[in-house]
Each structure stands twice: as structure tokens, then as C-alpha cells.
Asker: 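So that we are looking at the same thing, I have put the structure below in C-alpha cells.
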Protein chains: 2
Amino acid sequence: MENLRSLFQVMTRRFGLLNKNCCSVGGCDISLIQSHILYEIDNQHNPSMQQIADTLGTDITTFSRQVQSLVKMNLVKKMPDPADKRISILSLTAEGKYIAGSIDQQMNSFLHEVFSQMNEFEKETVIRSIHLLNNAMAKSSACCKPFQG
Amino acid sequence: MENLRSLFQVMTRRFGLLNKNCCSVGGCDISLIQSHILYEIDNQHNPSMQQIADTLGTDITTFSRQVQSLVKMNLVKKMPDPADKRISILSLTAEGKYIAGSIDQQMNSFLHEVFSQMNEFEKETVIRSIHLLNNAMAKSSACCKPFQG
DNA sequence: GTTTAATACTTGCATCTTGCAAGTGAAATC
DNA sequence: GATTTCACTTGCAAGATGCAAGTATTAAAC
């Protein structure tokens, strides 16, 4: 089999660059990490700090400070869990939802442009393949332990 | 079409986490960025500083300092281009090659484990798909301008 | 052929990010 | 009730980042 790593390296770097350029919405500049945090808060159900930090594979202390900034920017809300007062449940404010949605839209429109290079059959094949890959990665013990979302 | 972005987000994060854990070889600890630099130096032909910095989408000043560390660690060599003395050509030292190869091996063995979850047909489909994707991204104007390797 | 502009880097500085260690307070275990 | 564990938060020190301003070299303009 050919060198799998270089195949993936190229792909993920390109997607990473895409992601990097997708983070400014209006006057509001969001860092790459922050956009990932917004994304995860939006996609998980009543997530705690720890959950999102684990998902993203970032240290909880760094994460704590990132969230503090997002709270200051009025994009994220932190509510103590009524059942366990140690836990902070994260959610997006209206503004946070707007920003997250905006980034999502930008990313999707770029991706659609990329996919527009392909015919229908190719598109479907590629999408199915990524699903396969994601499932295989989720099952693999070697990698990605933190993330099981 | 379903939400493409979340599909890619999951995939690239998993691969990113994989990458993150692949960077220590023996006693030598390498940061993620440094491993990317080693990879690119190894894969491009007599690359200049600017070329690699562009490929990786990092600022040239940050890159300059990263390369300085790698030179100090005796993993990278910097040679002035005889034809244009402004340019520094980068190459790996023997030790740098060893480290880069080691990381490559780790990544590939993890990827093979992931692919071992699939049957032959799925494997081929997935690999072909990533090629398709990389080609489409290379053609797209929207993204990844810096990288054309 | 000298001046001007552009290129390929490098350094200064100020800011942000990172993660370990050490803390707080709350829940679970003993 | 004492100890341990858990979910976070802060102190610090180290590293990463990027703009501005520098050097040296090459290319372009006049």
C-alpha cells in the first residue's frame, strides 16, 4: 500500500488551512481553537467543560481560560449543573449561535466548492468513504481516545 | 447533502490527535509543528525557508525561529543557495531523517490499524476517495492557496 | 551605473497560548 | 467523619505568535 500518511497529511493540512481562514465573522475575530469550542458546544448535548476539553484533546487549564474569553466575548454561557455543583454546563448565547452558524456556513460553502469539482458518483463515494474512515477511527484503540462523539 | 463540515471536522480532529501523539521519538520530543516541518523538508526538493513556511501556512518569522530550534537540535541543516545568497535551502541531517522516518512509521502503523477495520474493497475506495478529495482541493480556489505540493 | 524597489530572511518586542503545580470547593468512598 | 476523587480555577514560567523594523542580496528603473 502506498504511503497513507502523506495522503492524510496533505488532506488534513488543506482542511486545516481552510478552517484557519474561516474564523472571522463580521468584526468578531475568533481563533481556530475557539471556533472548535463553539462547534462542539453546539453539537453536544449540555456538555460540561471536561467533556469538551476531552473531545478537543486540550488541557483543561488551557480550556478553562479559553472558555473564560468566550464568556467575556458573550458567545458562551456557563451554568452550574444543578445535580452536581462541581460541573459547569456550557451553552452558546444567541450571539455565539450566530457566529457558530456563520462559520459553519463558510466552511460548508467552501466544501461544496471543492465537491463541485466532482461528479455525483464521486461525491457519494467520497462522503461514504469519510464515514467509513470516521467509524474505523472511532473503533481503533490506537488513536483518538479522547474523542468519541 | 448532509453537513459536510461536521464530517470533515470529526475526521481531521481525529487525525490531528493522532498526529499529536506521534511526535516523541526516543528521548527526543518534537512539537506538532516541528514534525510538520521535518515532513515537508523531507518531501520537497531542496526547499527554501519561504517555500516550507508557505506550505504550512505559518508566518515566516515564526518559521524562522522554529527552524533555528531544529538546527540547534541537529535535525535540520541550512545552506545558502549558491545562485541566490538570500535564500536558505533546508535539508534534514542524518538524525533528522531518522526522526522524520520514525514519525512516519508510527503514523503509518496507526493508519494501518485503522484501515484494518475495513475490507479490501472499502480500503481501496477510501484511498481513492482521499486522492479525489486532494485533487479537488488543489483545484479549488477557495482554499489552501499556500499549499500546492 | 547608480538609485530604487523587491525579495529572503532575521531580530525586538509585546501579546497570547500552553501546561504543570498547586489551589478551591463539591461529591463519592471508606 | 475522614480521605479520596473529581471538576474546575489560578500562579507561574516557558514557548509560540506576528507585527514592525532591521540586514543583506538581487532585480528593476531610469
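Here is how names work: the chains are called A, B, and so on, in the same order as the sequence lines, proteins then strands, and each is numbered from 1.
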Asker: How far apart are the closest heavy atoms of Asn108(A) and Leu4(B), and which atoms are they?
Answerer: OD1-N, 3.4 Å
Asker: Mind calculating the distance between CD1 (Ile33(A)) and C1' (dT17(D)) to the nearest angstrom?
Answerer: 11 Å
Asker: Which part of the nucleic acid does Ser88(A) contact within heavy-atom distance under 4.0 Å: base, sugar-phosphate only, or nothing?
Answerer: sugar-phosphate
Asker: Scan nucleotides 24-30 of chain C against the protein and return all N/O pairs shorter than 3.5 Å with their distances rounded to 0.1 Å.
Answerer:
| unit_1 | atom_1 | unit_2 | atom_2 | d |
| --- | --- | --- | --- | --- |
| dA27(C) | OP1 | Lys85(A) | N | 3.1 |

Asker: Nearest whole Å is fine: how far is dT26(D) P from Gln50(B) CD?
Answerer: 16 Å
Asker: Which pair of non-hydrogen atoms, one from Ile99(A) and one from Leu38(A), has the smallest distance, and what is that distance?
Answerer: CG2-CD1, 3.9 Å
Asker: Give, ordered by number, those residues of residues 58-77 of chain A having at least one heavy-atom distance below 4.0 Å to an atom of DNA chain C; if nothing qualifies, reply none.
Answerer: Asp59(A), Thr61(A), Thr62(A), Arg65(A), Gln66(A)
Asker: Only counting residues at least two apart or in another chain, list the ones meeting side chain to side chain donor-acceptor pair (under 3.5 Å) with Asn43(B).
Answerer: none
Asker: To check you understand the geometry: which heavy-atom pair defines the closest contact between Ser35(B) and Ile30(B), and what is its length?
Answerer: N-CG2, 3.5 Å
Asker: Checking Gln44(B) side chain against Ile41(B) main chain: does a donor-acceptor pair fall under 3.5 Å?
Answerer: no
Asker: To the nearest Å, how far apart are Gln34(A) CD and dT18(C) C1'?
Answerer: 14 Å
Asker: Take atom CD1 of Ile30(A) and atom P of dC16(C), then tell me their distance rounded to the nearest Å.
Answerer: 15 Å
Asker: Taking only residues two or more places apart in sequence, or in another chain, which ones meet Ser31(B) in a side chain to side chain contact (heavy atoms under 4.5 Å, CB included)?
Answerer: Ile33(B), Gln34(B)
Asker: For residues Met137(A) and Met11(B), report the shortest heavy-atom separation together with the two atoms involved.
Answerer: SD-O, 4.4 Å
Asker: Nearest whole Å is fine: how far is dC9(C) C1' from Ile52(B) CD1?
Answerer: 15 Å
Asker: Without decimals, in angstroms, what is the distance between Leu32(A) CG and dA16(D) P?
Answerer: 17 Å
Asker: Quick one: side-chain hydrogen bond (donor to acceptor under 3.5 Å, both in side chains) pairs with a partner in residues 85-94 of chain A, sequence neighbours left out?
Answerer: Asp84(A)-Arg86(A)
Asker: Going by salt bridge (charged side-chain N to carboxylate O under 4.0 Å, His left out), name the residues that satisfy it together with Asp104(B), two or more places apart in sequence or in a different chain.
Answerer: Arg5(A)
Asker: Rounding to an integer number of Å, can you tell me how far Leu56(B) CG sits from dG18(D) C1'?
Answerer: 16 Å
